[in-house]
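Sequence positions, counted from 1, serve as the residue numbers for this chain.
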Amino acid sequence: MNGAWMAAKLLRAAATLLLAVTVVFIVLRLAGDPAEILFGDNVGEESLIRYRALWGLDQPLGVQYLLYLRSLLLGDFGLSSQSGASAWQLMMGRLPYTLQLGGVSLLLAVLIGIPAGVAAALARGSLTDRVVMLAAVSSFCIPNFVLGVVLILVFAEQFGWLPSHGTGGIWHLVLPALTLGTGWAGVLARFARSAMLEVLGQPYIRGARASGLTEGRVRWRHALPNAAIPLVTILGFMVGGLVAGAIVTESIFAWPGVGRLLVDSVKLRDLAVVQAIVLMVAATMVAANLVVDVLSAWLNPRLPAATGA
């Protein structure tokens, strides 16, 4: 892994973040005048003019963009037009809830999806294989809002076993985590099965078997570590998209995370908060992709990043 490769990755990451900031900034302002959307016909033109001047919306679009970039470089993400509080502080106040939900959901997905996919690969063509793949396809094909509503109707409304919304204890986390983690588990199961089958068909696996190694040693010492490389990539994408993936789930279960804050801020045209959240999501995705590239190069020294090619 050489310095030129890392420098190119960092430069690409910076360019991606700049592009994300630019696109979000332009799209939010082209979607309509925030003052008119916020107040409608309830106030006069003079009040609208004062509001635009207060939040810098009376400046040309290019000037607004340059001022926003300067603020970002200074660590200022702006103030919420609804509460007047720092957009960064509002987002950070919600982030622990999203990390809690996403972390439990991802752990659930890993504990269920990867073992299920490996078991399906080792029993290829059997009833176990077909059942696991049917469950995997069903889990990620069912939309989160459908699964979440079904879980609420069954476990909260019908039986009354679990709370249906909000926070307050570990039991409040069960239904949202199941809703979010089930789809991820299905994705991991399919990728784990495909990766394991591909590795088991490689010549070095046949060589290991021919050398007299036990089947268990061949599978767990040789096949599984190599099959983990594509799984690291998928897990990186899941971690990077944790906030974005939780938006629907947080809305269904009234979970007070960043995803729900984003939905509320979009409705209210709270530009500073929306931009801060989108920037954080973009930065998380870029960082996750960079970590995935580094881990892939470390796990597989034959990759160009590791050899300097």
Side-chain angles (χ1 to χ4, degrees), residues 90-120 128 131-193 231 234-268 273-274 277-278 280-281 284-285 288:
L90 288 174
M91 183 176 63
M92 289 297 103
R94 299 289 192 96
L95 187 59
Y97 292 101
T98 295
L99 293 179
Q100 182 185 43
L101 173 59
V104 173
S105 301
L106 191 58
L107 178 62
L108 183 68
V110 169
L111 294 178
I112 295 176
I114 294 180
V118 171
T128 299
V131 170
V132 169
M133 286 300 97
L134 177 62
V137 172
S138 301
S139 65
F140 68 75
C141 284
I142 300 176
N144 281 357
F145 64 87
V146 174
L147 180 59
V149 170
V150 170
L151 291 178
I152 290 174
L153 290 175
V154 174
F155 295 102
E157 298 297 329
Q158 181 67 30
F159 297 108
W161 292 344
L162 296 167
S164 61
H165 63 279
T167 60
I170 189 172
W171 298 115
H172 288 80
L173 192 59
V174 174
L175 293 184
L178 282 175
T179 301
L180 190 58
T182 299
W184 287 349
V187 174
L188 286 176
R190 284 183 60 83
F191 273 92
R193 179 182 182 276
L231 293 178
I234 300 302
L235 285 172
F237 287 135
M238 288 180 176
V239 172
L242 190 148
V243 174
I247 291 176
V248 175
T249 303
E250 289 184 358
S251 298
I252 294 173
F253 292 95
W255 189 262
V258 176
R260 189 180 178 200
L261 176 63
L262 176 60
V263 173
D264 294 339
S265 300
V266 169
K267 291 179 181 178
L268 297 172
V273 177
V274 174
I277 294 175
V278 173
M280 184 195 68
V281 172
T284 305
M285 289 290 293

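In this view, L107 and L111 satisfy the side-chain contact (heavy atoms from CB on, under 4.5 Å) rule, not counting sequence neighbours. Taking I234 as the reference, V187, L188, F191, M238 meet the side-chain contact (heavy atoms from CB on, under 4.5 Å) condition, with sequence neighbours excluded. The side-chain contact (heavy atoms from CB on, under 4.5 Å) search around V274 returns L28, L262, S265, V266, V278, not counting sequence neighbours. With sequence neighbours excluded, the residues satisfying side-chain contact (heavy atoms from CB on, under 4.5 Å) with P143 are F145, V146.
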Output a table of donor-acceptor pairs, distance under 3.5 Å, between side-chain atoms of residues 153-161 and any protein atom two or more places apart or on a different chain; print 'none' if there are none.
none

| said: Walk me through whether L108 and W184 qualify under side chain to side chain contact (heavy atoms under 4.5 Å, CB included). | reply: CA-CA 9 Å; L108 183 68; W184 287 349; over 6 Å; no
| task | Could you walk me through whether I142 and V150 pass side chain to side chain contact (heavy atoms under 4.5 Å, CB included), step by step? | result | CA-CA 11 Å; I142 300 176; V150 170; over 6 Å; no
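Looking at L151, T249, L162, L173 one by one, the single match for side chain to side chain contact (heavy atoms under 4.5 Å, CB included) with L178 turns out to be L151. Applying side chain to side chain contact (heavy atoms under 4.5 Å, CB included) to I247 and the options V263, I252, N144 leaves one that passes, V263.
Residues V258 and V281 are not in side-chain contact: their nearest non-hydrogen atoms beyond the backbone lie 4.5 Å or more apart. Between R94 and I277 there is no side-chain heavy-atom pair separated by less than 4.5 Å.
Legend: side-chain hydrogen bond (donor to acceptor under 3.5 Å, both in side chains) pairs involving residues 98-107, not counting sequence neighbours, sorted by first then second residue: T98-E250.
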